[in-house]
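Scroll down for the structure; my scribbles are underneath it.
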Amino acid sequence: MYNTGRNPDLLSFAFPGLIEEEILNIGAEQIPYMRTEEFSELVLDSERILKELIGCDDGKVIGYTASGTAAMESAVVNYASKFDKILAINGGTFGKRWKEICNYHNYSCDEFEVDFGKDINYDQLDEFINKNKYDILLCQHHETSSGQLFDLNRIAEICRRNDVNLVVDAISSFLTDPFDMAKWNIDIAILSSQKGLNLPPGLSFLVISEKALKRGFNSNNYYLDIEDNLSNFKRGQTPFSPATTLFRQLHYRLSKLKELGIGQVLQIVDENARYFREACANNNWHLSAETPSGCITGFYIDNGRKICNELIKDKIYVMPSGNERLSRISHIGLQNKEILNILIDKIKATQNKLLL
Ligand SMILES: *Cc1c(COP(=O)(O)O)cnc(C)c1O
């Protein structure tokens, strides 16, 4: 069978997916002290590689020991102010989160609603932004609840023309779909360790462009304060205790990505996504997204939730969703046709069993 490392009978099609053994092994090592030159150099080298991979040569990176939502919250409270006119694109669970964060902090935020699993009507968005003169647009590249990938070429062009600052949650598209901050004039991109980076959860990042650095920040948060984090990151350190092990795993992952090239990684994700979608077509499992990201395949299947629960008994993890019929599988991490076949066969067998 496929070698999935330390526990070979576990198959994960949930985030972060199956992680390669070298990275799992780093997680099993003793933890070196982090207030050292060695750790600083590891952090600074990670920043250099990340900026290169994401197309942000002149910007800065900060990393929080926190999940992705903390980085979303940080971008809102540090980059926007109560005087800014904010618009958020809401096409599902993650888009809705922008407005919730804004409400929590008493920032006013308008929403541009997009039907679940559908692409944005870009002409309407353009008109809406032009009419209302927003300062900041908050959006996802990939709305992970449905699998829908939005077109950043179009969004970026609208922002450029209307002089709107652009904050993009690329948590579930970086390393699964082409993503380039410079090309799209993105002010801040948000990342998290447990998605495309295929690492354990616990680290999230803001990649901040030179343009955003020039615009400047507010100080509306203690732990997440961007200025404080930036001044520490400049010397490869964090204001508070970092998740040392995760940073070491991150450095290994990024070094390897640099060696392989992003093209290679995207190609593997794409091949797996295509292969699974072919099986969906053959079995009449309808896809949930109009233009799907490489990151996940969302598909409607009778008894979807029940099937997910049945598979858990065999240590096969698939992601359910709010809709009982909608299941989602991730294409991140170790995956190939052989293990996808195991999954597809298992889903079909379970589906038949439940029909009896
Ligand atoms: C996973 C995810 C997040 C962050 O969720 P956390 O559980 O806080 O890590 C944010 N946005 C998108 C698009 C995601 O897929």
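Note: hydrogens, waters and symmetry copies are ignored here, and every other heavy atom, side chains too, is used. Values in this document were obtained by computation on a predicted structure and should not be read as measured data.
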Donor-acceptor pair, N336 side chain versus E338 backbone, under 3.5 Å?
-> yes
Taking NZ, NE, NH1 and NH2 as the nitrogens, is one of them in R277 or D270 under 4.0 Å from a carboxylate oxygen of the other?
-> no
Side chain to side chain, Y33 and F39, heavy atoms closer than 4.5 Å | no
Please report the C-alpha distance between D187 and I136 in whole Å, then the side-chain angles of each, then the deciding distance to 0.1 Å, and finally whether the side-chain contact (heavy atoms from CB on, under 4.5 Å) criterion is met.
-> CA-CA 10 Å; D187 288 67; I136 295 180; over 6 Å; no
Treating Ile, Leu, Val, Met, Phe, Trp and Tyr as nodes and any side-chain heavy-atom pair under 4.5 angstrom as an edge, say whether L11 and I312 lie in one connected cluster.
-> yes
Mark yes or no for whether S12, through its side chain, and L18, through its backbone, hold a donor-acceptor pair below 3.5 Å.
-> no
Salt-bridge contact R161-D126 (side-chain N to carboxylate O under 4.0 Å) = yes
Would you sort out whether N341 and Y275 count as a side chain to side chain donor-acceptor pair (under 3.5 Å), showing the intermediate values?
-> CA-CA 9 Å; N341 282 337; Y275 187 74; 2.7 Å; yes
Hey, quick one: are I268 and I329 part of the same hydrophobic cluster, counting side-chain heavy atoms closer than 4.5 Å, chains of contacts allowed?
-> no
Here the pair of heavy atoms bringing F15 nearest to Q194 is CB-O, 3.5 Å
Judged by atom type as modelled, is there a donor-acceptor pair below 3.5 Å linking the side chain of K51 to the main-chain atoms of G59?
-> yes
Pairing of E111 and K96 as salt bridge, 4.0 angstrom limit | no
To the nearest 0.5 Å, what is the distance between OG1 (T245) and CG (L203)?
-> 10.0 Å
Would you indicate whether the side-chain heavy atoms of R325 and D302 approach each other to under 4.5 Å?
-> yes
Shortest non-hydrogen contact from E324 to K306?
-> OE2-N, 4.0 Å
Are any of the side-chain heavy atoms of F205 and L197 separated by less than 4.5 Å?
-> yes
Would you name the heavy atoms of A66 and S204 that are closest together and state the gap between them?
-> O-OG, 3.0 Å
Could you tell me the separation between the CD1 atom of I347 and the CG atom of N303, rounded to the nearest 0.5 Å?
-> 12.5 Å
Just by distance, do the side chain of S145 and the backbone of G92 share a donor-acceptor pair under 3.5 Å?
-> no
Without swapping roles, check the side chain of S46 against the backbone of L42 for a donor-acceptor pair under 3.5 Å.
-> yes
Take W184 and C159, measure what side-chain contact (heavy atoms from CB on, under 4.5 Å) needs, and give me the verdict at the end.
-> CA-CA 9 Å; W184 292 321; C159 286; over 6 Å; no
In sequence, state the C-alpha distance, the side-chain angles, and the governing distance for T291 and Q148, and then conclude on side chain to side chain donor-acceptor pair (under 3.5 Å).
-> CA-CA 6 Å; T291 14; Q148 173 66 36; 2.6 Å; yes
Is the shortest heavy-atom distance from the side chain of L224 to the side chain of Y64 under 4.5 Å?
-> yes
For residues F276 and F13, establish whether the separation of their ring centroids is below 6.0 Å.
-> no
Show your working on side chain to side chain donor-acceptor pair (under 3.5 Å) between D169 and Q140 and close with a plain yes or no.
-> CA-CA 5 Å; D169 169 356; Q140 270 67 38; 2.8 Å; yes
Out of N218, N220, D225, which one pairs with N78 under the side chain to side chain contact (heavy atoms under 4.5 Å, CB included) rule?
-> D225
For residues F116 and L326, determine if any side-chain heavy atom of one lies less than 4.5 Å from a side-chain heavy atom of the other.
-> yes
Heavy-atom side-chain contact between L125 and V114 under 4.5 Å | no
Output the distance between atom CZ (R253) and atom CD1 (I19), rounded to the nearest 0.5 Å.
-> 7.5 Å
Can you find a heavy atom in the side chain of I155 that is under 4.5 Å from one in the side chain of D151?
-> no
Which is it for T36 and E38 under the side chain to side chain donor-acceptor pair (under 3.5 Å) test, yes or no, and what are the steps along the way?
-> CA-CA 5 Å; T36 59; E38 188 194 0; 4.8 Å; no
Between L246 and Q249, is a side-chain contact (heavy atoms from CB on, under 4.5 Å) present by the stated rule, with each step listed?
-> CA-CA 5 Å; L246 284 169; Q249 290 170 315; 3.5 Å; yes
Rounded to the nearest 0.5 angstrom, the CG-CZ distance for L199 and R248 is 13.0 Å
Okay, side chain of K133, backbone of N130: is any donor-acceptor separation there less than 3.5 Å?
-> yes
From T65 atom OG1 to F247 atom CZ, the distance as rounded to the nearest 0.5 Å | 5.5 Å
Say whether, by atom type as modelled, one donor and one acceptor occur between the side chain of N272 and the main chain of Q335 under 3.5 angstrom.
-> yes
In terms of hydrophobic clustering (I, L, V, M, F, W, Y; side-chain heavy atoms under 4.5 Å; direct or indirect links), are Y317 and M319 co-clustered?
-> no
Side-chain (D84) to main-chain (S81) donor-acceptor, under 3.5 angstrom = yes
Backbone of L87 reached by a side-chain donor or acceptor of D110 within 3.5 Å = no
Any donor and acceptor pair, going by atom type alone, linking the side chain of N232 with main-chain N or O of Q237 inside 3.5 Å?
-> no
Identify the residue among I54, I262, I332 that makes a side chain to side chain contact (heavy atoms under 4.5 Å, CB included) with L175.
-> I262
Derivation and outcome, side-chain contact (heavy atoms from CB on, under 4.5 Å), residues M181 and V207 | CA-CA 9 Å; M181 283 181 73; V207 186; 3.5 Å; yes
From N153 atom CG to D180 atom CG, the distance as rounded to the nearest 0.5 Å | 10.0 Å
Decide yes or no for T69 and E73: does some side-chain heavy atom of the first lie under 4.5 Å from some side-chain heavy atom of the second?
-> no
